[in-house]
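In what follows, a structure is listed as C-alpha coordinates, so that the remarks can point back to it.
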Protein chains: 2
Amino acid sequence: MATPLEKAHKDPESMKARILAVACRIFGEYGFHGTTTRMIAQEVGIDISTLHYHWGEKKDLYEAVILDINKDLGQKLIDVEKIIHGLPLSERMAIAIDTMTDYFFARPEISNIMLFRYIAKTRDNVDLRVPEFTADIARSMGLTRKSPHHTPPRAMLEVLAVMNAIHNFISGENFFRPMVNLEREEYIKTVKETLKFVLIPAFVQREGET
Amino acid sequence: MATPLEKAHKDPESMKARILAVACRIFGEYGFHGTTTRMIAQEVGIDISTLHYHWGEKKDLYEAVILDINKDLGQKLIDVEKIIHGLPLSERMAIAIDTMTDYFFARPEISNIMLFRYIAKTRDNVDLRVPEFTADIARSMGLTRKSPHHTPPRAMLEVLAVMNAIHNFISGENFFRPMVNLEREEYIKTVKETLKFVLIPAFVQREGET
DNA sequence: GTTTGCTTCCATCAAATGATGGAGAGAGTA
DNA sequence: TACTCTCTCCATCATTTGATGGAAGCAAAC
(Lines give C-alpha, C1' and ligand atoms only; values in the text may rest on other atoms or scores of the structure.)
Protein backbone atom coordinates (compact mmCIF):
# COMPACT_ATOMS: atom_id res chain seq x y z
CA MET A 1 0.00 0.00 0.00
CA ALA A 2 1.30 3.40 -0.97
CA THR A 3 1.70 5.87 1.84
CA PRO A 4 0.01 9.23 1.44
CA LEU A 5 3.41 10.68 0.71
CA GLU A 6 4.02 8.21 -2.07
CA LYS A 7 0.64 8.88 -3.57
CA ALA A 8 1.24 12.57 -3.30
CA HIS A 9 4.36 12.19 -5.38
CA LYS A 10 2.24 11.34 -8.41
CA ASP A 11 -0.27 14.15 -7.99
CA PRO A 12 1.18 17.24 -9.68
CA GLU A 13 -0.93 19.43 -7.39
CA SER A 14 0.53 17.87 -4.26
CA MET A 15 2.95 19.87 -2.18
CA LYS A 16 5.70 17.35 -2.76
CA ALA A 17 5.29 17.58 -6.52
CA ARG A 18 5.03 21.36 -6.47
CA ILE A 19 8.29 21.59 -4.55
CA LEU A 20 9.97 19.25 -7.01
CA ALA A 21 8.83 21.30 -9.98
CA VAL A 22 10.09 24.55 -8.50
CA ALA A 23 13.32 22.93 -7.34
CA CYS A 24 13.87 21.68 -10.86
CA ARG A 25 13.60 25.20 -12.23
CA ILE A 26 15.73 26.91 -9.59
CA PHE A 27 18.45 24.26 -9.55
CA GLY A 28 18.49 24.60 -13.32
CA GLU A 29 18.97 28.34 -13.16
CA TYR A 30 21.51 28.63 -10.36
CA GLY A 31 23.06 25.19 -10.08
CA PHE A 32 23.34 23.14 -6.92
CA HIS A 33 25.41 25.54 -4.83
CA GLY A 34 23.76 28.63 -6.29
CA THR A 35 20.40 27.40 -5.08
CA THR A 36 19.34 27.68 -1.44
CA THR A 37 16.52 25.72 0.07
CA ARG A 38 15.06 29.06 1.09
CA MET A 39 14.91 30.22 -2.53
CA ILE A 40 12.89 27.15 -3.46
CA ALA A 41 10.62 27.36 -0.42
CA GLN A 42 9.93 31.03 -1.01
CA GLU A 43 9.08 30.41 -4.66
CA VAL A 44 6.64 27.67 -3.67
CA GLY A 45 5.31 29.93 -0.92
CA ILE A 46 6.06 27.64 1.99
CA ASP A 47 8.41 27.41 4.94
CA ILE A 48 11.75 25.65 4.51
CA SER A 49 10.83 23.14 7.18
CA THR A 50 7.95 22.01 4.99
CA LEU A 51 10.41 21.50 2.19
CA HIS A 52 12.69 19.45 4.40
CA TYR A 53 9.72 17.51 5.70
CA HIS A 54 8.88 16.31 2.19
CA TRP A 55 12.31 15.85 0.68
CA GLY A 56 14.87 15.57 3.47
CA GLU A 57 18.29 17.01 2.73
CA LYS A 58 18.99 19.48 -0.06
CA LYS A 59 21.11 16.83 -1.74
CA ASP A 60 18.21 14.38 -1.71
CA LEU A 61 15.96 16.91 -3.38
CA TYR A 62 18.60 17.58 -6.00
CA GLU A 63 18.93 13.89 -6.73
CA ALA A 64 15.17 13.62 -7.01
CA VAL A 65 15.23 16.44 -9.54
CA ILE A 66 17.88 14.65 -11.60
CA LEU A 67 16.00 11.36 -11.55
CA ASP A 68 12.78 13.14 -12.44
CA ILE A 69 14.06 14.96 -15.49
CA ASN A 70 15.94 11.86 -16.55
CA LYS A 71 12.75 9.81 -16.50
CA ASP A 72 10.96 12.48 -18.49
CA LEU A 73 13.76 12.75 -21.00
CA GLY A 74 13.92 9.00 -21.44
CA GLN A 75 10.21 8.87 -22.21
CA LYS A 76 10.52 11.72 -24.70
CA LEU A 77 13.34 9.95 -26.49
CA ILE A 78 11.21 6.82 -26.79
CA ASP A 79 8.37 8.88 -28.25
CA VAL A 80 10.65 10.51 -30.80
CA GLU A 81 12.21 7.20 -31.72
CA LYS A 82 8.75 5.86 -32.56
CA ILE A 83 7.99 8.82 -34.80
CA ILE A 84 11.20 8.72 -36.79
CA HIS A 85 11.56 4.94 -36.99
CA GLY A 86 12.11 3.78 -40.55
CA LEU A 87 12.56 7.21 -42.12
CA PRO A 88 15.70 8.09 -44.06
CA LEU A 89 18.56 9.45 -41.98
CA SER A 90 18.29 13.10 -42.98
CA GLU A 91 14.60 13.19 -42.13
CA ARG A 92 15.17 11.27 -38.92
CA MET A 93 17.69 13.80 -37.78
CA ALA A 94 15.67 16.82 -38.88
CA ILE A 95 12.57 15.66 -37.04
CA ALA A 96 14.53 14.60 -33.99
CA ILE A 97 16.31 17.97 -33.80
CA ASP A 98 13.06 19.91 -34.27
CA THR A 99 11.16 17.86 -31.74
CA MET A 100 13.85 17.74 -29.08
CA THR A 101 14.59 21.44 -29.48
CA ASP A 102 10.94 22.31 -28.94
CA TYR A 103 10.84 19.99 -25.97
CA PHE A 104 13.91 21.51 -24.32
CA PHE A 105 12.78 25.07 -25.01
CA ALA A 106 9.53 24.21 -23.28
CA ARG A 107 11.41 22.77 -20.32
CA PRO A 108 14.77 24.53 -20.23
CA GLU A 109 15.46 23.18 -16.74
CA ILE A 110 16.25 19.88 -18.37
CA SER A 111 19.00 21.28 -20.56
CA ASN A 112 20.26 23.34 -17.65
CA ILE A 113 20.48 20.46 -15.23
CA MET A 114 22.06 18.15 -17.80
CA LEU A 115 24.77 20.67 -18.60
CA PHE A 116 25.37 21.43 -14.94
CA ARG A 117 25.93 17.76 -14.32
CA TYR A 118 28.39 17.59 -17.18
CA ILE A 119 30.54 20.57 -16.34
CA ALA A 120 30.22 21.38 -12.63
CA LYS A 121 31.70 19.63 -9.66
CA THR A 122 29.77 19.62 -6.40
CA ARG A 123 31.51 20.05 -3.05
CA ASP A 124 29.42 17.41 -1.37
CA ASN A 125 29.66 14.75 -4.01
CA VAL A 126 26.30 14.18 -5.59
CA ASP A 127 27.11 11.10 -7.53
CA LEU A 128 24.17 9.06 -8.45
CA ARG A 129 23.51 6.16 -10.74
CA VAL A 130 21.25 7.53 -13.47
CA PRO A 131 20.30 5.74 -16.67
CA GLU A 132 22.26 7.05 -19.63
CA PHE A 133 20.58 7.37 -22.99
CA THR A 134 23.57 8.16 -25.14
CA ALA A 135 24.09 4.59 -26.24
CA ASP A 136 20.40 4.18 -27.07
CA ILE A 137 20.42 7.29 -29.19
CA ALA A 138 23.51 6.05 -31.00
CA ARG A 139 21.64 2.87 -31.83
CA SER A 140 18.57 4.80 -32.91
CA MET A 141 20.71 6.97 -35.18
CA GLY A 142 22.17 3.84 -36.75
CA LEU A 143 25.70 4.48 -35.52
CA THR A 144 26.22 0.98 -34.16
CA ARG A 145 25.50 -1.10 -37.23
CA LYS A 146 28.88 -2.76 -37.27
CA SER A 147 28.64 -3.75 -33.60
CA PRO A 148 24.99 -3.81 -32.55
CA HIS A 149 25.70 -4.81 -28.96
CA HIS A 150 28.51 -2.45 -28.24
CA THR A 151 28.63 1.30 -28.71
CA PRO A 152 32.05 2.49 -29.88
CA PRO A 153 33.47 5.63 -28.23
CA ARG A 154 33.34 7.49 -31.49
CA ALA A 155 29.59 6.89 -31.84
CA MET A 156 29.02 7.96 -28.24
CA LEU A 157 30.87 11.22 -28.79
CA GLU A 158 28.96 11.91 -31.98
CA VAL A 159 25.70 11.60 -30.08
CA LEU A 160 26.98 13.79 -27.28
CA ALA A 161 28.04 16.41 -29.81
CA VAL A 162 24.53 16.50 -31.22
CA MET A 163 22.68 16.50 -27.92
CA ASN A 164 24.93 19.08 -26.31
CA ALA A 165 24.67 21.37 -29.30
CA ILE A 166 20.95 21.48 -28.63
CA HIS A 167 21.29 21.91 -24.87
CA ASN A 168 23.69 24.80 -25.30
CA PHE A 169 21.31 26.96 -27.28
CA ILE A 170 18.52 26.39 -24.77
CA SER A 171 20.60 26.95 -21.65
CA GLY A 172 22.50 29.78 -23.23
CA GLU A 173 19.42 31.65 -24.41
CA ASN A 174 19.76 34.37 -21.79
CA PHE A 175 23.29 34.98 -22.94
CA PHE A 176 23.04 34.39 -26.69
CA ARG A 177 19.71 35.98 -27.52
CA PRO A 178 20.78 39.51 -26.58
CA MET A 179 23.92 38.88 -28.66
CA VAL A 180 21.94 38.14 -31.80
CA ASN A 181 19.16 40.53 -30.87
CA LEU A 182 16.22 38.30 -31.76
CA GLU A 183 12.80 37.86 -30.21
CA ARG A 184 12.23 34.54 -28.53
CA GLU A 185 10.24 32.94 -31.37
CA GLU A 186 12.73 34.08 -33.95
CA TYR A 187 15.60 32.83 -31.81
CA ILE A 188 14.05 29.38 -31.51
CA LYS A 189 13.44 29.21 -35.23
CA THR A 190 16.99 30.27 -36.07
CA VAL A 191 18.44 27.86 -33.54
CA LYS A 192 16.60 24.98 -35.18
CA GLU A 193 17.78 26.00 -38.64
CA THR A 194 21.34 26.36 -37.43
CA LEU A 195 21.35 23.03 -35.64
CA LYS A 196 19.98 21.21 -38.66
CA PHE A 197 22.40 22.98 -40.96
CA VAL A 198 25.46 22.22 -38.84
CA LEU A 199 24.65 18.74 -37.59
CA ILE A 200 22.96 16.83 -40.39
CA PRO A 201 25.27 16.98 -43.45
CA ALA A 202 28.16 15.12 -41.82
CA PHE A 203 26.06 12.08 -41.01
CA VAL A 204 24.18 12.06 -44.31
CA GLN A 205 27.40 12.38 -46.24
CA ARG A 206 29.01 9.47 -44.41
CA GLU A 207 25.96 7.31 -44.96
CA GLY A 208 26.17 8.00 -48.68
CA GLU A 209 29.79 6.85 -48.74
CA THR A 210 29.04 3.30 -47.62
CA MET B 1 54.02 55.05 -11.86
CA ALA B 2 52.78 51.55 -11.22
CA THR B 3 52.21 50.61 -7.62
CA PRO B 4 53.95 47.47 -6.38
CA LEU B 5 50.57 45.75 -6.52
CA GLU B 6 50.10 46.68 -10.17
CA LYS B 7 53.56 45.46 -11.02
CA ALA B 8 52.92 42.25 -9.13
CA HIS B 9 49.91 41.60 -11.31
CA LYS B 10 52.17 40.96 -14.29
CA ASP B 11 54.62 38.70 -12.49
CA PRO B 12 53.23 35.15 -12.61
CA GLU B 13 55.17 34.29 -9.46
CA SER B 14 53.59 37.11 -7.50
CA MET B 15 51.02 36.31 -4.86
CA LYS B 16 48.34 38.22 -6.73
CA ALA B 17 48.94 36.27 -9.91
CA ARG B 18 49.14 32.95 -8.06
CA ILE B 19 45.78 33.62 -6.45
CA LEU B 20 44.28 34.51 -9.81
CA ALA B 21 45.54 31.31 -11.41
CA VAL B 22 44.16 29.12 -8.64
CA ALA B 23 40.89 31.05 -8.56
CA CYS B 24 40.56 30.49 -12.28
CA ARG B 25 40.83 26.74 -11.82
CA ILE B 26 38.55 26.46 -8.79
CA PHE B 27 35.87 28.79 -10.14
CA GLY B 28 36.01 26.72 -13.31
CA GLU B 29 35.48 23.47 -11.46
CA TYR B 30 32.80 24.51 -8.98
CA GLY B 31 31.27 27.64 -10.44
CA PHE B 32 30.88 30.94 -8.63
CA HIS B 33 28.66 29.79 -5.78
CA GLY B 34 30.33 26.40 -5.52
CA THR B 35 33.64 28.09 -4.86
CA THR B 36 34.50 29.56 -1.46
CA THR B 37 37.27 32.03 -0.86
CA ARG B 38 38.59 29.57 1.69
CA MET B 39 38.95 26.87 -0.97
CA ILE B 40 41.04 29.17 -3.12
CA ALA B 41 43.14 30.42 -0.23
CA GLN B 42 43.80 26.91 1.01
CA GLU B 43 44.87 25.76 -2.45
CA VAL B 44 47.29 28.67 -2.71
CA GLY B 45 48.45 27.99 0.84
CA ILE B 46 47.57 31.37 2.29
CA ASP B 47 45.05 32.93 4.64
CA ILE B 48 41.77 34.25 3.26
CA SER B 49 42.58 37.72 4.46
CA THR B 50 45.60 37.71 2.19
CA LEU B 51 43.31 36.82 -0.67
CA HIS B 52 40.96 39.68 0.18
CA TYR B 53 43.90 42.00 0.60
CA HIS B 54 44.93 41.44 -3.02
CA TRP B 55 41.59 41.09 -4.74
CA GLY B 56 38.86 42.60 -2.57
CA GLU B 57 35.47 40.95 -2.71
CA LYS B 58 34.88 37.46 -4.04
CA LYS B 59 32.90 38.98 -6.90
CA ASP B 60 35.82 41.20 -7.87
CA LEU B 61 38.13 38.20 -8.03
CA TYR B 62 35.63 36.34 -10.17
CA GLU B 63 35.38 39.25 -12.55
CA ALA B 64 39.15 39.41 -12.74
CA VAL B 65 39.19 35.73 -13.65
CA ILE B 66 36.69 36.29 -16.45
CA LEU B 67 38.60 39.24 -17.85
CA ASP B 68 41.85 37.30 -17.63
CA ILE B 69 40.71 34.24 -19.52
CA ASN B 70 38.93 36.44 -22.03
CA LYS B 71 42.12 38.32 -22.77
CA ASP B 72 43.99 35.06 -23.17
CA LEU B 73 41.32 33.58 -25.40
CA GLY B 74 41.24 36.68 -27.57
CA GLN B 75 44.99 36.50 -28.11
CA LYS B 76 44.78 32.81 -28.97
CA LEU B 77 42.09 33.48 -31.55
CA ILE B 78 44.25 36.12 -33.17
CA ASP B 79 47.16 33.65 -33.32
CA VAL B 80 45.01 30.98 -34.92
CA GLU B 81 43.54 33.43 -37.38
CA LYS B 82 47.05 34.28 -38.56
CA ILE B 83 47.90 30.61 -39.09
CA ILE B 84 44.81 29.72 -41.08
CA HIS B 85 44.52 32.93 -43.06
CA GLY B 86 44.19 32.27 -46.77
CA LEU B 87 43.77 28.50 -46.56
CA PRO B 88 40.73 26.76 -48.03
CA LEU B 89 37.74 26.50 -45.72
CA SER B 90 38.01 22.83 -44.83
CA GLU B 91 41.66 23.19 -43.84
CA ARG B 92 40.94 26.40 -41.98
CA MET B 93 38.33 24.67 -39.90
CA ALA B 94 40.36 21.51 -39.33
CA ILE B 95 43.36 23.45 -38.10
CA ALA B 96 41.25 25.79 -36.02
CA ILE B 97 39.44 22.90 -34.36
CA ASP B 98 42.66 21.00 -33.68
CA THR B 99 44.44 24.03 -32.31
CA MET B 100 41.61 25.35 -30.19
CA THR B 101 40.84 21.91 -28.82
CA ASP B 102 44.44 21.45 -27.74
CA TYR B 103 44.41 24.91 -26.23
CA PHE B 104 41.24 24.30 -24.20
CA PHE B 105 42.35 20.85 -23.07
CA ALA B 106 45.51 22.47 -21.78
CA ARG B 107 43.48 25.13 -19.97
CA PRO B 108 40.10 23.56 -19.24
CA GLU B 109 39.24 26.38 -16.83
CA ILE B 110 38.60 28.52 -19.87
CA SER B 111 35.96 26.22 -21.28
CA ASN B 112 34.50 25.74 -17.84
CA ILE B 113 34.19 29.42 -17.08
CA MET B 114 32.80 30.23 -20.51
CA LEU B 115 30.09 27.59 -20.19
CA PHE B 116 29.29 28.65 -16.64
CA ARG B 117 28.74 32.17 -17.86
CA TYR B 118 26.44 30.95 -20.59
CA ILE B 119 24.22 28.68 -18.55
CA ALA B 120 24.32 29.71 -14.89
CA LYS B 121 22.70 32.64 -13.18
CA THR B 122 24.43 34.20 -10.20
CA ARG B 123 22.52 35.36 -7.15
CA ASP B 124 24.54 38.51 -6.80
CA ASN B 125 24.49 39.64 -10.38
CA VAL B 126 27.94 39.43 -11.84
CA ASP B 127 27.30 41.23 -15.08
CA LEU B 128 30.31 42.63 -16.66
CA ARG B 129 31.12 44.10 -20.03
CA VAL B 130 33.49 41.65 -21.66
CA PRO B 131 34.64 41.72 -25.29
CA GLU B 132 32.81 39.14 -27.37
CA PHE B 133 34.70 37.29 -30.09
CA THR B 134 31.81 35.53 -31.77
CA ALA B 135 31.40 38.16 -34.46
CA ASP B 136 35.14 38.18 -35.18
CA ILE B 137 35.19 34.43 -35.58
CA ALA B 138 32.24 34.62 -37.92
CA ARG B 139 34.19 37.07 -40.05
CA SER B 140 37.28 34.89 -39.91
CA MET B 141 35.24 31.88 -41.02
CA GLY B 142 33.91 33.86 -43.95
CA LEU B 143 30.33 33.83 -42.76
CA THR B 144 29.77 37.55 -43.27
CA ARG B 145 30.68 37.94 -46.90
CA LYS B 146 27.33 39.32 -47.88
CA SER B 147 27.39 41.94 -45.14
CA PRO B 148 30.98 42.55 -44.05
CA HIS B 149 30.09 45.13 -41.42
CA HIS B 150 27.20 43.35 -39.81
CA THR B 151 27.06 39.82 -38.46
CA PRO B 152 23.71 38.18 -39.14
CA PRO B 153 22.14 36.17 -36.27
CA ARG B 154 22.45 32.99 -38.25
CA ALA B 155 26.21 33.39 -38.63
CA MET B 156 26.55 34.17 -34.92
CA LEU B 157 24.69 31.02 -33.96
CA GLU B 158 26.78 28.92 -36.33
CA VAL B 159 29.93 30.14 -34.63
CA LEU B 160 28.47 29.53 -31.20
CA ALA B 161 27.51 26.01 -32.24
CA VAL B 162 31.08 25.29 -33.26
CA MET B 163 32.75 26.90 -30.24
CA ASN B 164 30.39 25.35 -27.73
CA ALA B 165 30.77 21.92 -29.27
CA ILE B 166 34.45 22.19 -28.42
CA HIS B 167 33.89 23.58 -24.92
CA ASN B 168 31.48 20.79 -24.07
CA PHE B 169 33.94 18.00 -24.65
CA ILE B 170 36.59 19.71 -22.57
CA SER B 171 34.34 20.67 -19.67
CA GLY B 172 32.48 17.40 -19.83
CA GLU B 173 35.60 15.25 -19.80
CA ASN B 174 35.06 14.08 -16.25
CA PHE B 175 31.60 12.96 -17.17
CA PHE B 176 32.08 11.70 -20.72
CA ARG B 177 35.41 9.95 -20.51
CA PRO B 178 34.23 7.27 -18.09
CA MET B 179 31.23 6.80 -20.38
CA VAL B 180 33.39 6.00 -23.37
CA ASN B 181 36.08 4.37 -21.27
CA LEU B 182 39.10 5.97 -22.93
CA GLU B 183 42.43 7.12 -21.60
CA ARG B 184 42.96 10.84 -21.66
CA GLU B 185 45.13 10.95 -24.78
CA GLU B 186 42.77 8.68 -26.65
CA TYR B 187 39.81 10.76 -25.53
CA ILE B 188 41.38 13.96 -26.80
CA LYS B 189 42.20 12.35 -30.13
CA THR B 190 38.69 10.97 -30.57
CA VAL B 191 37.14 14.29 -29.56
CA LYS B 192 39.11 16.06 -32.26
CA GLU B 193 38.11 13.51 -34.89
CA THR B 194 34.48 13.71 -33.85
CA LEU B 195 34.43 17.49 -33.87
CA LYS B 196 36.00 17.69 -37.29
CA PHE B 197 33.69 15.00 -38.62
CA VAL B 198 30.53 16.65 -37.29
CA LEU B 199 31.30 20.31 -37.79
CA ILE B 200 33.18 20.69 -41.06
CA PRO B 201 31.03 19.07 -43.79
CA ALA B 202 28.08 21.44 -43.40
CA PHE B 203 30.18 24.54 -44.02
CA VAL B 204 32.24 23.03 -46.82
CA GLN B 205 29.12 21.78 -48.56
CA ARG B 206 27.46 25.19 -48.39
CA GLU B 207 30.55 26.87 -49.74
CA GLY B 208 30.53 24.52 -52.70
CA GLU B 209 26.96 25.44 -53.50
CA THR B 210 27.66 29.11 -54.11
C1' DG C 1 -16.24 14.69 20.79
C1' DT C 2 -12.07 12.53 20.86
C1' DT C 3 -8.36 10.42 18.81
C1' DT C 4 -5.12 9.75 15.22
C1' DG C 5 -2.07 10.82 11.56
C1' DC C 6 -0.44 13.97 8.26
C1' DT C 7 0.98 18.58 7.18
C1' DT C 8 2.55 23.23 8.06
C1' DC C 9 4.84 26.91 10.38
C1' DC C 10 7.61 29.39 14.08
C1' DA C 11 11.66 29.58 16.64
C1' DT C 12 16.03 28.18 16.86
C1' DC C 13 20.63 26.00 16.16
C1' DA C 14 25.23 24.91 14.35
C1' DA C 15 28.15 25.30 10.66
C1' DA C 16 29.81 27.59 6.72
C1' DT C 17 30.99 31.69 4.53
C1' DG C 18 32.32 36.47 3.17
C1' DA C 19 34.66 39.96 5.13
C1' DT C 20 37.60 43.09 8.31
C1' DG C 21 40.81 45.13 11.98
C1' DG C 22 44.92 45.03 13.81
C1' DA C 23 49.30 43.05 15.11
C1' DG C 24 53.55 41.50 13.47
C1' DA C 25 57.20 40.13 10.05
C1' DG C 26 60.29 41.65 6.76
C1' DA C 27 62.70 44.57 3.41
C1' DG C 28 64.32 48.81 2.13
C1' DT C 29 65.83 53.72 3.47
C1' DA C 30 67.41 57.69 6.01
C1' DT D 1 68.86 52.55 14.91
C1' DA D 2 64.54 54.32 13.74
C1' DC D 3 61.12 54.87 10.21
C1' DT D 4 58.10 53.50 6.42
C1' DC D 5 55.85 50.58 3.39
C1' DT D 6 54.13 46.14 1.87
C1' DC D 7 52.52 41.94 2.86
C1' DT D 8 50.78 38.13 5.75
C1' DC D 9 48.33 35.95 9.38
C1' DC D 10 45.36 35.46 13.66
C1' DA D 11 41.20 36.50 15.80
C1' DT D 12 36.82 37.83 15.18
C1' DC D 13 32.23 39.38 13.21
C1' DA D 14 27.78 39.37 10.84
C1' DT D 15 25.21 37.00 7.64
C1' DT D 16 23.74 33.15 5.18
C1' DT D 17 22.47 28.61 4.96
C1' DG D 18 21.15 23.75 5.91
C1' DA D 19 18.66 21.56 9.19
C1' DT D 20 15.54 20.27 13.33
C1' DG D 21 12.11 20.19 17.39
C1' DG D 22 7.91 21.14 18.75
C1' DA D 23 3.49 23.38 18.69
C1' DA D 24 -0.55 24.19 16.04
C1' DG D 25 -3.79 23.26 12.26
C1' DC D 26 -6.73 20.15 10.00
C1' DA D 27 -9.16 16.38 8.14
C1' DA D 28 -10.55 11.64 8.50
C1' DA D 29 -11.62 7.72 11.52
C1' DC D 30 -13.54 6.06 15.61
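Chain letters run A, B, ... following the sequence lines, proteins first, then strands; residues in each count from 1.
- For A:Tyr53, a side-chain nitrogen or oxygen approaches OP1 or OP2 of C:dT7 to under 4.0 Å.
- Look at B:His54 and you'll find a side-chain N or O under 4.0 angstrom from OP1 or OP2 of D:dT8.
- Along DNA chain D, the nucleotide nearest B:Arg123 and the nucleotide nearest B:Gly45 are compared for position; the residue whose nucleotide lies closer to the 5' end is B:Gly45.
- Put simply, CE on B:Met15 is 17 Å from P on D:dT6, counting in whole angstrom units.
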Show the atom names and distances, to 0.1 Å, of all donor-acceptor pairs under 3.5 Å that link a side chain in residues 156-165 of chain B to residues at least two apart or in another chain.
| from | atom 1 | to | atom 2 | distance (Å) |
| --- | --- | --- | --- | --- |
| B:Glu158 | OE1 | B:Arg206 | NH2 | 2.8 |
| B:Glu158 | OE2 | B:Arg154 | NE | 2.8 |
| B:Glu158 | OE2 | B:Arg154 | NH2 | 3.3 |
| B:Glu158 | OE2 | B:Arg206 | NH1 | 2.9 |
| B:Asn164 | ND2 | B:Leu160 | O | 3.2 |

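- Rounded to whole Å, the distance from NE2 on A:His33 to C1' on C:dT17 is 13 Å.
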Atom pairs, N/O to N/O, protein against nucleotides 10-15 of chain D, distance under 3.5 Å?
| from | atom 1 | to | atom 2 | distance (Å) |
| --- | --- | --- | --- | --- |
| D:dC10 | N4 | B:Ser49 | OG | 2.8 |

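- Atom CD1 of B:Ile40 is separated from atom P of C:dT17 by 12 Å (rounded to the nearest Å).
- Separating the CG atom of A:Leu51 from the P atom of D:dG18 is a distance of 10 Å, rounded to the nearest angstrom.
- Contact between the side-chain N/O atoms of A:Thr37 and the OP1/OP2 oxygens of D:dT17 is not found at any separation under 4.0 Å.
- Using a 4.0 Å cut-off between charged side-chain N and carboxylate O, B:Arg107 and B:Asp72 make a salt bridge.
- The separation between A:Asp124 atom CG and C:dT17 atom C1' is 14 Å, rounded to whole Å.
- Judged purely by atom type and a 3.5 angstrom limit, B:Thr35 uses its side chain to pair as donor or acceptor with the backbone of B:Ile26.
- Whole-Å rounding puts the B:Gln42 CD to C:dT17 P distance at 11 Å.
- Sorted by first and then second residue, the salt bridge (Lys or Arg N to Asp or Glu O under 4.0 Å) pairs involving residues 38-57 of chain B (not counting sequence neighbours) are B:Arg25-B:Glu43.
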Sequence neighbours excluded and cut-off under 3.5 Å, please list the side-chain donor-acceptor pairs for residues 173-181 of chain A, or say none.
| from | atom 1 | to | atom 2 | distance (Å) |
| --- | --- | --- | --- | --- |
| A:Glu173 | OE1 | A:Arg184 | NE | 3.4 |
| A:Glu173 | OE1 | A:Arg184 | NH2 | 3.4 |
| A:Glu173 | OE2 | A:Arg177 | NE | 2.8 |
| A:Glu173 | OE2 | A:Arg184 | NE | 2.9 |
| A:Arg177 | NH1 | A:Leu182 | O | 3.1 |

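- In this entry the distance linking CH2 of A:Trp55 with C1' of D:dA19 reads 18 Å, nearest Å.
- B:Gln75 meets the side-chain hydrogen bond (donor to acceptor under 3.5 Å, both in side chains) test with B:Asp79; sequence neighbours excluded.
- Residues that satisfy the salt bridge (charged side-chain N to carboxylate O under 4.0 Å, His left out) test with A:Glu186, not counting sequence neighbours, are A:Lys189.
- Put simply, CD1 on A:Ile46 is 21 Å from P on D:dA24, counting in whole angstrom units.
- OP1 or OP2 of D:dC9 sits under 4.0 Å from a side-chain N or O of B:Thr50.
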